[in-house]
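Just so it is clear: chains get the letters A, B, ... in the order the sequence lines come, proteins before strands, and each one is counted from 1. As a basis for the values below, the full set of heavy atoms in this structure was taken, side chains included, without hydrogen atoms, waters or symmetry mates.
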Amino acid sequence: MSPVVGFAGMTHLGINSAVATAARGFAVVGYHDDAALIARLQRRDMPVVEPGLDELVAANWERLVFTADAAELARCDVVYIAADVPTDDEARSDLAPILALIDRVAGAMRNDAILVVLCQVPPGFCRKLTQIPQERLIYQVETLIFGRAVERALHPERFIIGCADPGRSLPAAYATVVKAFDCPLLVMRYESAELAKISINFCLVASVSVANTLAEISEAIGADWSEIVPALKLDRRIGQYSYLAPGLGISGGNLERDLRTVINIGEAEGTDVGVVKAWFDNSRHRKDWTWRTLQQAVLAAKPDAVIAVLGLAYKENTHSTKNSPSLQLLSHLEDKAVRVHDPVVPGTAAPKAKFCATALECINGADVVVLATPWQEYSELRLEDLAQAMRGRVIIDPYRLLRGDRARALGFAYHALGAPASMPD
Amino acid sequence: MLTHLNSASHKPARVVVIGAGGFVGNAIASRLEKDGIAVLRLARREVDLLASDAADRLAGLLKEGDSVVAAAAMAPCKTPDMLKDNIVLAGAIVRALARVPATHVVNISSDAVFGDEPLPLTEASPRAPGSYHGVMHLAREIMFAGELKVPVATLRPTLIYGAGDPHNGYGPNQFRRKANKGEAITLFGEGEERRDHVAVEDVGEIAAQVLAHRSTGSLDVASGTVTSFRAVAELAVRLSGKSVAVSGSSRRGPMPHNGYRPFDIAATGRAFPAFRYTSLADGMARAQKAEFPDG
């Protein structure tokens with residue numbers, strides 16, 4: 001009989017993982033203690049935005065059950081804990097909600113069921129859990145990417161699995177579930193798995209920090225970082241999927257959390273974590289790129305400029321604004337004439353700005369447009385429409401959603417990450 | 001930005017308008033005369049500013065304490081020879097004014113002193129002309145600022161239109177005249193470039209206010225609204241009441257100013273809060289009535 005799989009915590013991670021597991025043919029129980037959220041899920045109204053999610057829910061609806069009653073988890077052979085682990089302004093994790101959830105779930109599960117901690121926890125967390133015997137406790141690394149969560153959940157590159165003793169075989173029901181995803185299984189002790197997650201994020205942060213540091217150098221010396229990236233990606237030691245696109249620092253919360261976790265461990269254990277602090281500093285500096293550019297290109301000459309900010313989310317295809325560079329920019333602009341638009345994030349995220357229903361309404365009459373989030377719909381904006389609608393001729397486009405050469409030909413000053421500003425011909 | 005030396009408006013004792021035979025000079029002189037201000041109109045007939053004795057002759061016509069409007073120029077300045085002549089002409093004005101101190105000088109310059117900027121032009125925009133005409137006006141501005149020891153105001157009108165314009169250049173006046181004659185209007189490209197057009201009467205009004213307040217500094221004279229040449233042509237046709245075709249043509253060379261030259265006119269509002277620019281529709285209707293009263 002095929003195992004029944006539970007997911008406790010209908011978070012971004014929980015929903016996507018639950019739906020992907022149903023798509024692999026398992027009966028799935030999605031549990032959350034928020035009855036209103038469960039009612040919404042029962043109406044197939046997904047509270048998160050992910051490409052392909054709604055279609056996948058529809059295709060696997062017969063295997064999906066959503067409930068606010070923890071007792072229903074007694075049907076499950078495997079229960080994943082998929083709580084959000086919130087972080088504070090210092091990027092420190094608050095583990096109280098996940099501990100409370102584990103208590104509740106452990107009390108509702110059958111005595112032979114397997115508990116899998118899927119959410120991100122600091123090294124040492126699993127070994128200390130006492131609510132459940134360690135032979136029934138698994139830690140599985142999540143590699144959710146906002147905006148690509150469905151694809152990642154359906155087709156993981158590998159599963160990193162932490163257990164009390166990697167020398168013993170995996171519990172049968174759990175093994176059946178993970179083998180259904182047809183990917184390599186890397187079994188290791190809890191601590192290694194917990195640190196593996198952090199290690200992956202560190203490699204990403206290192207690449208991003210290289211890109212951000214050298215993109216800024218490129219802007220200063222007349223190089224173009226986008227010309228350099230292909231050379232790096234063709235180097236096998238760096239690789240074609242490496243994170244080399246320059247960005248506005250590190251956002252989203254998870255990477256920052258890992259940096260903070262390692263700094264804390266390093267300080268407690270006396271190891272050198274100076275480079276980690278430098279990554280933080282670089283991120284903070286880079287996050288203000290848009291603000292510095294706006295000051296130099298516009299506000300120095302025209303303090304009362306009308307500013308259009310397109311995008312509030314911290315990146316495309318997500319409603320999350322955690323550590324969003326856009327909101328960071330807006331925090332500098334509270335006394336300015338600012339209009340904002342986002343296809344998903346509501347205007348309440350930017351209460352001081354005028355929220356516009358469409359991108360074109362947002363840029364109408366603006367002196368400068370800032371493309372703060374790389375949403376696909378912004379890359380489809382026509383420069384001729386911008387020229388028609390805007391009063392000024394300044395585009396700040398960190399992610400190069402628009403064509404800089406065409407913008408210049410239409411009389412725009414064009415500012416992007418990784419290359420010097422280009423002025424009209 | 002302007003600073004008013006007279007916070008309240010005072011009628012100047014006498015205003016000498018140099019270049020009163022021209023489109024702008026005449027509009028300013030007429031506006032002042034309407035207020036009963038004594039105006040000495042100087043045109044080429046009175047003093048030829050390219051003559052070798054021009055400075056002497058002009059100085060002989062000026063009185064100490066005059067307000068002076070320098071509206072004389074050979075415009076639009078399109079060749080190196082015209083540029084040279086314009087510098088000679090401005091030099092004569094400056095030498096005369098150095099000899100007979102005016103109480104106030106208003107130099108009619110041009111927005112051509114500005115380059116193309118990514119933000120709407122203001123009085124603080126960098127002066128970086130890309131044409132002989134702009135270079136000529138920038139040279140004049142520097143000459144007036146550097147050589148005269150009296151308060152100087154610089155007005156920088158953008159494209160001026162109105163009845164009686166002798167230039168008949170591409171734009172509202174030419175389109176209106178063609179339409180009234182039943183001639184087809186041919187646009188450069190599709191007439192898509194959007195420019196600011198200011199009524200000549202508004203230039204006269206601003207100049208009168210600047211003289212009354214004895215203002216110093218600079219002010220852009222522009223309506224704050226940009227209109228495509230196609231829309232201007234269609235407006236001209238409507239006003240004429242005739243059935244006239246407006247058509248595009250293939251464009252030779254790039255669009256001037258990348259096809260867009262807006263102004264931020266906040267400084268006008270600060271200097272003269274009660275003043276309102278004439279809309280293009282109203283201004284062209286007024287010109288239509290003046291030039292084609294039976295049309």
Side-chain angles (χ1 to χ4, degrees), chain A residues 290 292-308 333 336-339 363-371 382-397 402-416 419-425, chain B residues 1 111 113-131 134 158 188-197 218 220 222-232 248 251-271 273 277:
Chain A
T290 313
R292 284 193 300 274
T293 304
L294 187 62
Q295 282 176 298
Q296 288 159 11
V298 177
L299 295 174
K302 190 167 173 55
D304 61 346
V306 176
I307 303 159
L333 301 177
K336 304 287 182 193
V338 181
R339 304 191 204 137
I363 62 174
N364 191 30
D367 292 305
V368 50
V369 59
V370 180
L371 293 105
R382 290 178 64 243
L383 282 160
E384 290 78 10
D385 291 340
L386 263 65
Q388 193 64 35
M390 287 174 65
R391 183 170 71 159
R393 285 288 179 271
V394 184
I395 296 174
I396 300 179
D397 180 14
L402 305 176
R403 287 269 306 275
D405 52 345
R406 295 203 51 241
R408 191 168 59 244
L410 283 168
F412 283 98
Y414 181 80
H415 303 262
S422 62
M423 292 299 157
D425 296 331
Chain B
M1 282 77 55
D111 75 321
V113 298
F114 297 124
D116 291 318
E117 291 294 316
L119 292 169
L121 294 170
T122 70
E123 290 68 15
S125 297
R127 294 181 296 174
S131 65
T158 186
F188 296 145
E190 290 305 314
E192 61 272 65
E193 68 262 48
R194 290 174 296 155
R195 298 290 298 276
D196 192 308
H197 300 274
S218 67
D220 300 343
S223 71
T225 303
V226 289
T227 309
S228 73
F229 280 103
R230 178 170 286 277
V232 173
R251 194 180 282 281
R252 291 189 297 271
M255 274 193 274
H257 309 295
N258 294 307
Y260 184 62
R261 195 163 167 89
F263 287 82
D264 179 339
I265 57 167
T268 304
R270 284 194 293 273
Y277 279 106

request  = Pull out the residues in residues 386-393 of chain A that come under 4.5 Å of chain B, heavy atom to heavy atom, sorted by number.
outcome  = A/A387, A/Q388, A/M390, A/R391, A/G392, A/R393

ask   = Are B/F229 and B/H197 close enough that their ring centres sit under 6.0 Å apart?
value =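 Between B/F229 and B/H197, the centre distance is under 6.0 Å.
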
ask   = Looking at B/R251 and B/E192, does any basic side-chain N land under 4.0 Å from a carboxylate oxygen?
value = yes

message = Side chains of A/I307 and A/V298, heavy atoms from C-beta outward: is any pair under 4.5 Å?
response = no

inquiry  = Side chains of A/T293 and A/V394, heavy atoms from C-beta outward: is any pair under 4.5 Å?
reply    = no

ask   = Between B/D264 and B/T122, does any side-chain donor sit less than 3.5 Å from a side-chain acceptor?
value = no

message = Quick check on A/A305 against chain B: is it the side chain, the backbone, both or neither that has a heavy atom closer than 4.5 Å?
response = neither

key: Stepwise salt bridge (charged side-chain N to carboxylate O under 4.0 Å, His left out) check, B/R261 with B/D116   = CA-CA 7 Å; B/R261 195 163 167 89; B/D116 291 318; 3.0 Å; yes

